[in-house]
Amino acid sequence: MSQQTEQRGSLSFENTKIAFRSKSNRDLDKAYWLFKIISSNFLTKVGPPITNFALNIGLPITGLIRNTIFDHFCGGETIEGCLPAIDRLANQRVETILDYSVEGEDNEAAFDETCDEILRTIEYAQRNPNISFSVFKPSGLGRFALFEKVNADLSLNEQETTEYNRVKHRIDRICKACHDGNIRVLIDAEHSWIQQAIDDIARDMMRLYNRTSPIVYNTYQLYRVDKLASLQADYYLAEADGFFLGAKLVRGAYMEIERGRAAELGYASPIQPDKEATDRDYNSALRFCLDHMDRIGFMAGTHNETSCRLLAEEIDKRQLSHNHPHIHFAQLLGMSDNLSFNLAEAGYQVAKYMPYGPVKAVMPYLFRRAQENTSVAGQTGRELSLIIKEKKRRKSSK
């Protein structure tokens, strides 16, 4: 029996011993209560305004946040502060994607500081082999309203043109640094009404920096009705223009906002009619990337067990190496550890998104993640069931 077959036979997403190997009993208890709180739709809706109010008037709750939701979903407040978390993942063969997750700032000084911080993560990644990707959110480098105007193909005045050139320059600095340092970079997806502008920039960056290998990865949200076709079109463009396509495949995180805006403004929703359609396009995208591995490097950014198993099985069916440089799995820190660590144990390439930044500045990100968790059917319940299963296993093995 081949090594790959032996590895594949051992892959089980129910193996909680591997999933929670790095967590103490106290860590498991904290995670259990955290997901219990997140599972309450009421608390995830009223929690953000109450917490923001408490932070703004100076109530001493930062320590409580740091020791609960921040500690579970974030690596630290600084790059160096993330090192213990990076090492814990590396001990279980999981790589790190350092994600500077400060959101909400909307001025040139903040955009420049975000760019400089991302460049620091790239420099750090060159010294730490456990960091496999850099990442940035385009609206962290330029005004959302400016992207919106470009996306709508409206004319920019002279000041706006200069401003948008600065945005593109920041993105180019990041992508060039990744190319020069041989660090891959993920361009996160955003709302549909600014995504085309981002896609245009991403293609330009891939043309420049993906000539010999996939360095720049654009994100494709398969909960959109048009994104499987976009992925395919970009592949044929890459083939014709002689560059590698980098693709991060996700389902998507803004479904309720997208549908609400479409209904309010009276245009057809860009979102798939149902989950089955999203799942179909996501899995078709996985197969399409595997069919064109000569020209595509891709990351399956998903917490969906069926899609993870499908990709693992397809890798074996096609007799590809588990650690093929063009294939990565990815999940968020603090979520779906049963997927990440069991896949890594079986030899697949896995990375965790590790958000970091000052506690107060990262709160908008954390609240958004908590709300997304409650909107994904079964996700929080699945996390709880796995924690309970592991607690029982440990109790019975004493």
Begin with the C-alpha distance, continue with both residues' side-chain angles, and end with the deciding distance and a verdict on side-chain hydrogen bond (donor to acceptor under 3.5 Å, both in side chains) for Ser24 and Asp27. CA-CA 5 Å; Ser24 66; Asp27 291 335; 3.2 Å; yes

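- A donor-acceptor pair under 3.5 Å is absent between the side-chain atoms of His328 and the main chain of Gln349, judged by distance alone.
- Not counting sequence neighbours, the partners of His324 by the ring pair (Phe, Tyr, Trp, His ring centres under 6.0 Å) test are His326.
- Contact record, Met206 with Gly246: SD-N, 3.4 Å, taken as the closest heavy-atom pair.
- Applying the 6.0 Å contact sphere to NZ of Lys176 captures no more than 12 heavy atoms from other residues, nucleotides or ligands.
- Of the residues listed (Thr278, Asp281, Asp279), the one engaging Gln272 in a side chain to side chain donor-acceptor pair (under 3.5 Å) is Asp281, and it is the only one.
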Mind running salt bridge (Lys or Arg N to Asp or Glu O under 4.0 Å) on Lys391 and Asp29 for me, showing each step along the way? CA-CA 9 Å; Lys391 284 163 68 77; Asp29 288 340; 2.3 Å; yes

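- Residues Leu343 and Phe13 meet the side-chain proximity criterion, which asks for heavy atoms closer than 4.5 Å.
- Summarising the geometry of Gly76 relative to Cys82, their closest heavy-atom pair is N-SG, 3.6 Å, with the distance given to 0.1 Å.
- Residues Asp199 and Asn218 have side chains that bring a donor and an acceptor to within less than 3.5 angstrom of each other.
- When all heavy atoms are compared, the tightest approach of Ser132 to Ile183 is O-CG2, 4.4 Å.
- The pair Asp99-Lys137 does not meet the salt-bridge criterion, since no charged nitrogen lies less than 4.0 angstrom from a carboxylate oxygen.
- Because its NZ or CZ atom is both nearer than 6.0 Å to the ring centre of Tyr282 and within 45° of the ring axis, Arg251 counts as a cation-pi partner of that residue.
- Judged purely by distance below 3.5 Å, without hydrogens or angles, the side chains of Asp188 and Tyr353 pair a donor atom with an acceptor atom.
- For the 3.5 Å distance criterion, the side chains of Asp316 and His322 qualify, holding a donor opposite an acceptor.
- Residues forming a ring pair (Phe, Tyr, Trp, His ring centres under 6.0 Å) with Tyr356 (at least two apart in sequence, or on another chain): Tyr100.
- Using a 4.5 Å heavy-atom cutoff, the side chains of Lys23 and Asp337 are in contact.
- Listed by chain and residue number, Leu146, Lys149, Val150, Glu160, Thr161, Tyr164 satisfy the side chain to side chain contact (heavy atoms under 4.5 Å, CB included) test with Leu156 (two or more places apart in sequence, or in another chain).
- Side-chain atoms of His303 come within 3.5 Å of backbone atoms of Leu332 as a donor-acceptor pair (strictly under, hydrogens ignored).
- Shortest non-hydrogen contact noted between Ala330 and Ile97 is CB-CD1, 4.4 Å.
- Counting only residues at least two apart or in different chains, side-chain hydrogen bond (donor to acceptor under 3.5 Å, both in side chains) contacts with residues 83-94 comprise Ser22-Gln92.
- Using a 4.5 Å cut-off between side-chain heavy atoms of Ile, Leu, Val, Met, Phe, Trp and Tyr, with links allowed through other members, Met354 and Val250 fall into different hydrophobic clusters.
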Run the numbers on Glu148 and Arg261 for salt bridge (Lys or Arg N to Asp or Glu O under 4.0 Å), then give the verdict. CA-CA 14 Å; Glu148 193 171 4; Arg261 184 177 189 270; 3.6 Å; yes

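- Applying the side chain to side chain donor-acceptor pair (under 3.5 Å) rule to Ser139 yields the partners Glu190; only residues at least two apart in sequence or on another chain are considered.
- Residues Leu286 and Ser307 come closest through the heavy atom pair CD1-O, 3.8 Å.
- Remark: Glu313 does not engage Lys317 in a salt bridge, criterion side-chain N to carboxylate O under 4.0 Å.
- The shortest distance between side-chain heavy atoms of Glu383 and Met335 falls below 4.5 Å.
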Would you please test Leu34 and Phe73 for side chain to side chain contact (heavy atoms under 4.5 Å, CB included) and show each step? CA-CA 11 Å; Leu34 183 61; Phe73 292 109; 3.8 Å; yes

Should Glu305 and Arg309 be marked as a salt bridge (Lys or Arg N to Asp or Glu O under 4.0 Å) after you check the CA-CA gap, both sets of side-chain angles, and the distance that decides it? CA-CA 6 Å; Glu305 295 184 18; Arg309 186 171 296 284; over 6 Å; no

What's the verdict on side chain to side chain contact (heavy atoms under 4.5 Å, CB included) for Glu108 and Glu163, showing C-alpha distance, side-chain angles and the deciding distance? CA-CA 9 Å; Glu108 290 295 292; Glu163 182 185 359; 3.8 Å; yes

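- For Tyr254 against His191, the heavy-atom pair with the smallest separation is CD2-NE2, 3.5 Å.
- One finds a salt bridge joining Arg382 and Glu14 here, because a Lys/Arg side-chain nitrogen approaches an Asp/Glu carboxylate oxygen to under 4.0 Å.
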Determine, step by step, whether Arg394 and Asn25 satisfy the side-chain hydrogen bond (donor to acceptor under 3.5 Å, both in side chains) criterion, reporting the C-alpha distance in whole Å, the side-chain angles of both residues, the deciding distance to 0.1 Å, and the verdict. CA-CA 9 Å; Arg394 291 184 183 185; Asn25 289 338; 3.0 Å; yes

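- Contact annotation: the side chain of Gln195 approaches that of Gln221 to within less than 4.5 Å [non-hydrogen atoms, C-beta and beyond].
- Here the side chains of Ile198 and Phe147 are in contact, with some heavy-atom distance below 4.5 Å.
- Tyr209 meets the ring pair (Phe, Tyr, Trp, His ring centres under 6.0 Å) test with His179; sequence neighbours excluded.
- Cluster membership check: Ile194 does not share its hydrophobic cluster with Val225, using side-chain heavy-atom separations under 4.5 Å among Ile, Leu, Val, Met, Phe, Trp and Tyr.
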Given the rule in the side-chain hydrogen bond (donor to acceptor under 3.5 Å, both in side chains) test, do Thr302 and Asn304 qualify, once you have shown the distances and angles that lead to the verdict? CA-CA 5 Å; Thr302 181; Asn304 184 286; 5.1 Å; no

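- Counting only N and O atoms by type, the side chains of Tyr236 and Gln232 include no donor and acceptor under 3.5 Å apart.
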Going through the distances and angles, do Asn128 and Ile131 end up as a side chain to side chain contact (heavy atoms under 4.5 Å, CB included)? CA-CA 6 Å; Asn128 189 327; Ile131 302 172; 4.1 Å; yes

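- The shortest side-chain heavy-atom distance between Ile122 and Ile118 falls under the 4.5 Å cut-off.
- The closest side-chain heavy-atom distance from Leu245 to Asn210 is not below 4.5 Å.
- Open room surrounds CD on Gln159; 12 or fewer heavy atoms of other groups in view lie less than 6.0 Å from it.
- The cationic atom of Arg184 (NZ for Lys, CZ for Arg) lies less than 6.0 Å from the six-membered ring centre of Phe133 and within 45° of the ring axis.
- For Glu95 and Lys352, the salt-bridge test fails: no basic side-chain N is under 4.0 Å from an acidic carboxylate O.
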Please report the C-alpha distance between Ser155 and Asn157 in whole Å, then the side-chain angles of each, then the deciding distance to 0.1 Å, and finally whether the side chain to side chain contact (heavy atoms under 4.5 Å, CB included) criterion is met. CA-CA 7 Å; Ser155 296; Asn157 61 34; over 6 Å; no

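- For the pair Arg166/Phe111, no side-chain contact is recorded, criterion being any heavy-atom separation below 4.5 Å from C-beta on.
- Distance check, rounded to the nearest 0.5 Å: CG of Asn283 to CG of Leu310 gives 5.0 Å.
- Side-chain atoms of Asp153 and Gln196 form no donor-acceptor pair, as typed in the model, at a separation below 3.5 Å.
- Judged by distance alone, the side chain of Thr16 and the main-chain N or O of Ala19 form no donor-acceptor pair under 3.5 Å.
- Taking the centre and axis of the six-membered ring of Phe244, the NZ or CZ atom of Arg295 falls inside the cone set by 45° and 6.0 Å.
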